[in-house]
Amino acid sequence: MVQAQNMILRIALPTPLRRLFDYLPPQPIDPTSLISGIRVRVPFQTRTLVGILVEVVKETSVPLEKLKTALELLDKEPIFSEDIYQLCQWSASYYHYALGEVLAGALPVALRKGKPAEIKKKPVSIEGEREHPPELNPAQQEAITKIGDANEAFRVFLLDGVTGSGKTEVYLHAIADILAKDKQVLVLVPEISLTPQTIARFQARFQVPVIALHSSLSETERLQAWLLARSGEAKVVIGTRSAVFTPFQRLGLIIVDEEHDTSFKQQDRFRYHARDLAVMRASINQIPVVLGSATPSLESLLNVKRERYIYLSLPERAGTAQLPQYHLLDVRHLPMEEGLSSVLLESMRSHLQQGNQVMLFLNRRGFAPVLYCTQCAWIAACKRCDTRMVYHRTPPRLQCHHCDARREIPARCGECGEAALQPVGIGTQRLEDALQKYFPDVPIIRVDRDNTRRKGAMQNLLEQINENNSAILLGTQMLAKGHHFPHVTLVGVVDADSGLFSVDFRAAEQMGQLLLQVAGRAGRAEKPGTVLIQTRHPEHPLLQTLIQHGYSHFAATLLMEREQAVLPPFSHFAVFRAESYAEQHAAHFLSAIKEICTASAGAVTLLGPVPALIAKRKGVYCQHLLVKADRRGTLQHLLKNVLQHIEKLSPGHSVKWVLDVDPVEVV
DNA sequence: AGCACGCCGACT
DNA sequence: GTCGGCGTGCTC
């Protein structure tokens, strides 16, 4: 230990190195300005970085000659409030990510770069006519009362309500109660549902400043929004997962809408789950949090069962709207044309004739998923990935859906040279073509990533849908989430089977959620909805349970299966993901990690290293090592231990790796 | 992660 | 001769 005359600044820096760095204070210095949580500009090797002062210490194990002097203190007040700082610290330790990177990630880019935290804009204007709350049904009333009873204490509510049961109305009332106490509210939503309408609805209701944190905000706008929330001027903040780190003056309530949605889990770098962090944040702030969904995650349902969460249920559809009718169509025994059974086509025709809209759901974009040679069985593959290229017709080309590589459509087979190439299988483009033939007089509106990529394109399509009376809407998952289509009376699921036999143990849960969400688009307003599900396995017990007994039975069945198989949420997973250009390097690195795991004590199961489901992506080989433990504590303990060893292991630059705690996708 | 240093191959 | 390829090592 080196004794230093003065104070030493212990600073968290935005680098993947999982440690803090010590600096001497800048000269001259007023010691009282050294407050934890302020930003400090420091030299770091050849660069200068903006870090966060974590603590001021008297001793350091770093040799004095290595200590550099900090350049500048950037704040007079801490940029991190106590609650956000605690949340970041907890996240860094739970997800085993470098604290400096977590802290930097929690700030708007402008602040990360060292720009001053000053409010420039005038307060946000309030637009729109005041909208008055409608009458509540007893279930809604009860939910609101229970949330209100939580009154300034940490409580987690699971609000389970089918689509159209009036979840949003419960949110709005709960928010109104909080606003009346002059507190603020954070609303987290999946990316897809953050539309202008959502924001307008909140604004019209409360006539208070509502701020939305979109992905399309500029960095200055984002900084201003952040500052308005921190100062308390913004009363309601609606945002996607990163909004969980927004600072507030007086936060009174957090709402997580569509809590089952996997887009709350960040899938690169810092792999946090915004829903889980929202619960953590509510606990830190000692406030209630409401998790809402028509199809709650098994994790949340288990927490209800274990009495950690309070269950609130909205069993019926609000108003006069009726629940949709489900029918399974056994496509093995029906005449098929372009993936559509005669029964589905006939049903579409009759709904369209009555001036209603029909929605078809097919989770596969492009024209055909495979281009196949009928002579030699060659299949067009991506050169950089371990995948098939998807045949697109408009514009005509082959496209890899994993690395976005594009190629011209070959005239002849790449193997035998015969001109016997055939697009096999059905994507949304092909279905669109077919529908145009069957229904030449009906507008067909396709919604998938290929035609919503441009800014405002989605909005445009949604408007087109609402303008038309009878129309066919056709799309991928995008269509299933968040949007309301009041004129849709028939929903067709073109292929429900992909979720039934997947290698991913969560596939069934996600299939069930998606089928329910898709169905939720139909039968709004006074028009009852019908859902036709095409399958080759109509006898499948999970499908049967879902259709006959509804989601809660379905979820209970899945929970039972998970318990028997000791899968999450009855056990806890973490995955080391490694990638390298040389095929063996990633696997070798993971094997080394596996040895360290085996050597450490603790009841964990190790699986792998195994090649990822898509073993090669963008030219790099991907390998996984799965770590499974019965208890969360055991897993956390082991991971902490292992990471300390990895620092010494130093895999070199040939292997890139990440640790994914609570992965949503294990394969 | 970045970024510099360092040691080998083909270029004005 | 030197420009630049990426292996290796370090960051208070």
Task: Separation of C:dC12 C1' from A:R19 CZ (nearest whole Å) - done: 9 Å

- [ ] Rounded off to whole Å, could you give me the CG-to-P distance for the A:L99 and C:dC12 pair?
- [x] 18 Å

TODO: Scan A:T46 against the nucleic acid and name what it touches under 4.0 Å (heavy atoms): base, sugar-phosphate only, or nothing.
DONE: sugar-phosphate

Open item on the list: So A:F44, base contact, sugar-phosphate only, or nothing? Heavy-atom distance under 4.0 Å.
Closed with: base

- [ ] Give the rounded distance in Å between these two atoms: CG of A:L17 and P of B:dC3.
- [x] 14 Å

Open item on the list: Please report the distance, rounded to the nearest Å, between NE2 in A:H585 and P in C:dT8.
Closed with: 10 Å

Open item on the list: Can you identify which nucleotide, out of C:dC12, C:dC10, B:dA1, has its nearest atom closest to the A:H653 side chain?
Closed with: C:dC10

TODO: Give the ring-plane orientation class for A:Y94 versus A:W90, where under 30° counts as parallel, over 60° as perpendicular and anything between as tilted.
DONE: parallel

Task: Pairs satisfying side chain to side chain donor-acceptor pair (under 3.5 Å), at least one member in residues 95-110 of chain A, at least two apart - done: A:H96-A:Q636

Open item on the list: Please report the distance, rounded to the nearest Å, between CZ in A:F270 and C1' in B:dA1.
Closed with: 17 Å

Task: Length of the line joining A:D22:CG and C:dC12:C1', which is rounded to integer Å - done: 6 Å

Task: Length of the line joining A:I11:CD1 and C:dC12:P, which is rounded to integer Å - done: 11 Å

TODO: Check the side chains of A:T60 and A:D22 for a donor-acceptor pair under 3.5 angstrom, ignoring hydrogens and angles.
DONE: yes

Task: N/O (side chain, A:K66) to phosphate O (OP1/OP2, C:dC12) under 4.0 Å - done: no

- [ ] Identify whether any heavy atom of A:P14 sits under 4.0 Å from a base atom; if not, whether one sits that close to sugar-phosphate; answer base, sugar-phosphate or nothing.
- [x] nothing

Task: All pairs passing ring-ring contact (aromatic ring centres under 6.0 Å, His included) where residues 33-75 of chain A contributes a residue, at least two apart - done: A:F21-A:F44

- [ ] Rounded to the nearest angstrom, tell me the gap between atom CD in A:Q45 and atom C1' in C:dC12.
- [x] 11 Å

